Asker: 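Here it is, the structure, as structure tokens.
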Amino acid sequence: MPELAEVEYFRTRWNPGLGRKIEAVEIHAHARIFRGTDAKGLVRALTGAKLERSEARGKQMLFVAKPARGKARAWLGIHLGMTGDLRIEKHGFAPGKHDHLVLRQEKEALVFKDGRMFGRILFALDEETPPWWSKIAPDLLSREFTVAVLGDFLKRRKKAPIKAVLLMQERFPGVGNWMADEILWRAAIHPRQAAGSLDAAQTKALYREIRWVCREALRIIGKTMGDPPKSWLFPHRWQKGGKCPRTGAKLMHATIGGRTTCWSPARQKLR
DNA sequence: TCCTATGTTGTATG
DNA sequence: ACATACAACATAGG
């Protein structure tokens, strides 16, 4: 389920492990989530290292640990894919089928689980921040994300449906299927409208709703995994016979940009 | 049995 | 080179 705010929530679930030493590391090295990653190096560097801090950017998480010796840091990147999650278990817990990474500490175990294994573990041992972390696009709530930046991107992806464009992580880090639908519903833009055909007013509305949904999702979901209220599209979107909370009209569904998309035809007209 | 799933990526095509 | 579309990945649940 993880998009921007869910990723932030799962990141904080490992907070009890910060400032503590990792006694042992257990992995399923063959698991798909380690594709392209130096799994053995990861185990070597993290064993005995002290977990220092963590951070979330878009759909990615970073955990930084200080190995027992040397100046380098161990950089552990985690992407939750479609079904990944992080949790804490008691000392001595036995990993389940899809628990692919376990960091054992004195009192607790930090666990990464991912049933479908669309997620990914990244790792680096270096004094510098690895490029796979520093190259993530600017946060949508930062000053670097402006209406002009948004407008330029829409012009470059002019023929693609706006729904598909919002899912592009190179510009909209953290936006996933439900956030994109929520944003378009609030901005009253049809998900099939070509990105390059948005006028100035639509672009401004889109910008405003991107920021609003990011901020509110982080506030409601990021801290406690709370449920967005009934005034959002979110709780109605998958309900059979779901109705638009603003117009009362029946919601529509179709595959757009390769993903199941929900919109309110009464609010979102194709232009 | 068949369909769905809050994500990315490799490949084909324009 | 860039933009676009879509199958493929792997598993569980309705």
Side-chain angles (χ1 to χ4, degrees), chain A residues 1-11 13 28 30-37 56-61 77-86 95-101 112-122 132-133 135-137 140 152-186 191-197 210 213-214 216-218 220-222 225-228 232-242 251-263:
Chain A
M1 55 160 105
E3 297 182 24
L4 182 79
E6 292 93 347
V7 170
E8 167 60 12
Y9 172 72
F10 283 127
R11 177 189 72 83
R13 276 186 151 184
H28 297 163
H30 59 281
R32 178 183 154 86
I33 57 154
F34 289 104
R35 59 196 181 281
T37 294
R57 286 190 192 176
K59 293 177 189 169
Q60 318 237 41
M61 285 175 283
I78 299 182
H79 190 294
L80 298 172
M82 197 82 105
T83 52
D85 75 61
L86 301 189
K97 186 176 175 188
H98 299 305
D99 295 332
H100 301 298
L101 170 67
F112 168 59
K113 174 182 180 177
D114 184 2
R116 284 171 80 182
M117 289 187 283
F118 289 175
R120 187 187 281 266
I121 300 282
L122 296 171
W132 47 256
W133 184 256
K135 283 182 178 162
I136 294 171
L140 294 172
D152 288 349
F153 193 74
L154 299 185
K155 286 287 176 287
R156 273 203 290 127
R157 307 301 181 133
K158 59 186 173 201
K159 294 272 189 65
I162 185 63
K163 167 63 185 278
V165 173
L166 282 178
L167 295 175
M168 294 177 179
Q169 300 301 294
E170 66 198 84
R171 180 46 68 203
F172 306 108
V175 174
N177 204 28
W178 79 252
M179 284 183 79
D181 284 357
E182 186 75 38
I183 289 163
L184 291 173
W185 174 74
R186 288 176 179 276
R192 239 190 262 280
Q193 184 175 344
S197 75
I210 288 170
V213 170
C214 285
E216 288 299 297
L218 284 169
I220 296 168
I221 300 168
M225 201 63 158
D227 295 319
W232 287 41
L233 177 64
F234 183 92
H236 308 274
R237 51 177 287 121
W238 299 127
Q239 279 183 11
K240 227 179 156 95
L251 294 170
M252 288 204 63
H253 297 89
T255 299
I256 302 173
R259 308 297 299 281
T260 300
T261 299
C262 173
W263 74 97

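Residue numbers begin at 1 in each chain, while the letters A, B, ... track the order of the sequences. Just so it is clear, the model here is predicted, and its values are computed rather than measured.
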Asker: Taking C-beta and beyond as the side chain, do A:Leu86 and A:Arg11 meet within less than 4.5 Å on heavy atoms?
Answerer: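 Result no, sub-4.5 Å side-chain heavy-atom pair not found.
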
Asker: Before accepting this row, confirm whether a basic side-chain N of the pair A:Glu216/A:Arg186 lies closer than 4.0 Å to the acidic partner's carboxylate O.
Answerer: no

Asker: Starting at the 5' end of DNA chain C and moving along, which residue's nearest nucleotide shows up first, A:Ala160 or A:Gly115?
Answerer: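 The residue closer to the strand's 5' end, by nearest nucleotide, is A:Ala160.
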
Asker: Treating a pair as Watson-Crick (purine N1 to pyrimidine N3 plus N6-O4 or O6-N4) or G-U wobble (N1-O2 and O6-N3) with both distances under 3.5 Å, list the stems of 3 or more consecutive pairs that involve DNA chain B.
Answerer: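 Counting only runs of 3 or more consecutive pairs, the stems involving DNA chain B are B:2-5 with C:11-14, B:7-14 with C:2-9.
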
Asker: Does B:dT8 have OP1 or OP2 under 4.0 Å away from a side-chain N or O of A:His79?
Answerer: yes

Asker: Any side-chain heavy atom of A:Asp227 sitting closer than 4.5 Å to one from A:Pro235?
Answerer: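 They are not in side-chain contact.
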
Asker: Roughly how far apart, to the nearest Å, are B:dT9 and C:dA12 at atom P?
Answerer: 23 Å

Asker: Near DNA chain C, which residues from residues 255-262 of chain A have a heavy atom under 4.0 Å away?
Answerer: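 The answer is none.
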
Asker: Does A:Gln169 place a side-chain N or O at less than 4.0 Å from the phosphate oxygens OP1/OP2 of B:dT8?
Answerer: yes

Asker: Checking side chain to side chain contact (heavy atoms under 4.5 Å, CB included) for the pair A:Arg237/A:Asn177: CA distance, chi angles, key distance, verdict?
Answerer: CA-CA 11 Å; A:Arg237 51 177 287 121; A:Asn177 204 28; 3.8 Å; yes

Asker: Is A:Trp132 close to A:Gln60 at the side-chain level, that is, under 4.5 Å between some pair of heavy atoms?
Answerer: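 Of all side-chain heavy-atom pairs linking A:Trp132 with A:Gln60, none is under 4.5 Å.
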
Asker: Give the first and the last nucleotide of DNA chain C, reading 5' to 3', that has any atom under 4.0 Å from a heavy atom of chain A.
Answerer: C:dA3 to C:dA12

